[in-house]
Amino acid sequence: MSLSIVHKKVRLSHVIMVIVLGTAVLGGLFAWSYYRNIDIFNTVKNVIPATQPGEPKYLYTIRGNETSNLKWPQYTYATNDRIFVSDVSGVWVFDYNGKFLQMIRPKDKAPGAFKFPVGLLVVNDELYVADYVARKVSVFGMDGKFKRYFAEKVLKVPAFIKYKDNKFYVYDMAGTKIKILDAQGSLIKELAGAGSKKGQLAYPFDLNVDNEGKIWVADSNNYRIQVFDQEGKLLNMWPKGSDNPSRNERKTYPTPRGIAFDKDGFVWTANTITNYISAIDPIDGEVLKQYSTGEDEADTISIPNVVFIDANNRLYITELGSKRILVYQL
């Protein structure tokens with residue numbers, strides 16, 4: 001049995017028909033997207049996996065209010081229409097455009113009083129503030145009124161707090177532990193510990209949990225980033241190599257502070273002593289891009305303390321050098 005190929009001439013009318021139909025489909029798609037107020041270009045862009053992190057576009061700077069400025073900003077957390085900044089003077093609250101709204105600062109010796117607030121988190125319209133000097137996580141309503149303490153019997157010296165899939169993740173400086181708690185504050189698991197060996201931590205500054213449940217830790221004084229599973233098993237460590245990174249290896253992550261994920265899954269961290277922000281490949285830990293520009297080309301980032309990325313892919317850099325919060329769109 002033989003196969004034969006029949007060649008047919010392509011008529012010009014058929015080509016024109018295909019072009020007309022294609023144009024009509026595209027026109028209808030654009031009309032539909034316009035009617036539904038959908039940015040079709042960004043929609044298509046989001047469907048195709050990104051190979052490089054986005055370029056930060058400067059939006060504005062937060063310095064304080066009309067009468068006073070931030071003194072020693074530690075952390076920034078943004079959700080919905082509110083931006084919260086922890087500072088030695090209390091927790092500042094701004095709207096989404098950076099306009100000052102209020103200061104949360106309970107009176108000395110009052111319930112929830114701060115001594116050195118650092119980690120911030122909002123869950124179910126409640127603000128959690130981790131204060132490692134007061135040694136408590138205080139919970140406030142969105143009106144700034146104190147409601148209760150969280151996990152008092154479990155947490156000893158809480159510094160950073162995150163929430164994912166109905167679990168809380170807290171860096172407790174007592175014993176240099178990452179503690180996983182349930183919604184009621186009961187301990188599920190604790191991992192890591194003090195040291196420079198693999199799986200140990202030295203003054204980590206922030207942690208985060210990705211969509212796969214992996215726990216990322218900015219292991220600051222060990223000059224590396226470590227990734228654990230929910231059972232505490234070490235999955236990855238960058239830079240790879242010895243327990244104690246060499247001087248040359250330390251150049252990859254010089255004192256990383258902050259762990260944030262953008263909408264494309266890239267990892268961002270602040271490199272405090274070298275004054276730049278890094279965008280990292282989450283697969284192999286490669287530093288893809290580094291940024292050091294602040295408000296404009298003449299301005300440079302000075303002692304970035306931590307980074308945060310909100311649900312709208314806004315990047316917030318909490319900066320100690322100029323005592324400000326730089327806000328960008330990714």
Side-chain angles (χ1 to χ4, degrees), residues 45-46 49-62 73-79 83-86 118-121 160-164 169 171 204-212 214-220 222-228 236-239 250-295 300-321 324-330:
K45 177 183 176 182
N46 291 338
T51 58
Q52 288 290 321
E55 294 287 337
K57 179 183 178 181
Y58 171 74
L59 296 178
Y60 59 86
T61 298
I62 296 174
Q74 295 296 304
Y75 198 85
T76 303
Y77 186 95
T79 181
I83 300 170
F84 301 89
V85 179
S86 58
V118 180
L120 301 173
L121 173 70
F160 294 96
I161 181 168
K162 293 294 168 68
Y163 180 85
K164 186 78 172 182
Y169 299 80
Y171 165 51
F205 209 88
D206 204 16
L207 72 154
N208 215 330
V209 184
D210 66 19
N211 291 329
E212 297 177 357
K214 293 181 293 186
I215 304 164
W216 295 64
V217 184
D219 190 9
S220 304
N222 279 328
Y223 311 98
R224 64 191 180 191
I225 292 173
Q226 298 199 75
V227 186
F228 302 86
N236 268 314
M237 182 180 73
W238 295 303
R250 293 177 185 182
K251 295 178 182 178
T252 307
Y253 305 108
T255 318
R257 287 191 167 198
I259 291 286
F261 307 110
D262 66 20
K263 65 178 181 59
D264 294 316
F266 294 107
V267 183
W268 294 72
T269 189
N271 298 286
T272 303
I273 63 174
T274 49
N275 298 320
Y276 59 76
I277 306 302
S278 294
I280 302 165
D281 188 317
I283 304 301
D284 58 16
E286 178 186 359
V287 177
L288 300 173
K289 292 185 178 180
Q290 295 176 338
Y291 304 90
S292 59
T293 302
E295 297 180 357
T300 56
I301 297 171
S302 176
I303 315 180
N305 200 39
V306 74
V307 293
F308 178 84
I309 298 175
D310 70 12
N312 295 319
N313 219 36
R314 276 190 179 185
L315 169 68
Y316 301 79
I317 301 174
T318 305
E319 188 189 25
L320 284 177
R324 61 185 178 178
I325 312 301
L326 295 166
V327 185
Y328 303 84
Q329 183 67 56
L330 293 177

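Every heavy atom of this structure was used, including side-chain atoms; hydrogens, water molecules and symmetry mates were not.
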Report, as yes or no, whether the 6.0 Å neighbourhood of atom CG on N211 holds more than 12 heavy atoms from other residues, nucleotides or ligands.
-> no

Near K164 NZ, under 6.0 Å, is it more than 12 heavy atoms from other residues, nucleotides or ligands?
-> yes

Checking [X] side chain against [Y] main chain: does a donor-acceptor pair fall under 3.5 Å?
X    : Y    : result
S278 : T269 : no
N222 : R224 : no
N313 : K263 : yes
D264 : F266 : no

For W238 and Y223, run ring-ring contact (aromatic ring centres under 6.0 Å, His included): C-alpha distance rounded to whole Å, both residues' side-chain angles, the deciding distance at 0.1 Å, then the answer.
-> CA-CA 9 Å; W238 295 303; Y223 311 98; over 10 Å; no

Assign the ring pair F205 / F160 to parallel, tilted or perpendicular, where the plane angle (0 to 90°) is split at 30° and 60°.
-> perpendicular

Side-chain contact, heavy-atom cut-off 4.5 Å: [X] with [Y]?
X    : Y    : value
Y163 : Y169 : no
F84  : F308 : no
T300 : N275 : no
T318 : Y316 : no
R314 : L330 : no
D210 : N208 : no
N305 : Q74  : yes
I301 : E319 : yes

May I ask you to check whether Y58 and T61 show a side-chain donor-acceptor distance below 3.5 Å?
-> yes

Does the distance from a Lys or Arg side-chain N to an Asp or Glu carboxylate O, for R324 and E295, drop under 4.0 Å?
-> yes

Any ion pair linking K162 and D206 (charged N to carboxylate O, less than 4.0 Å)?
-> yes

Taking the six-membered ring for Trp and the single ring otherwise, decide whether the centroids of W216 and F228 are under 6.0 Å apart.
-> no

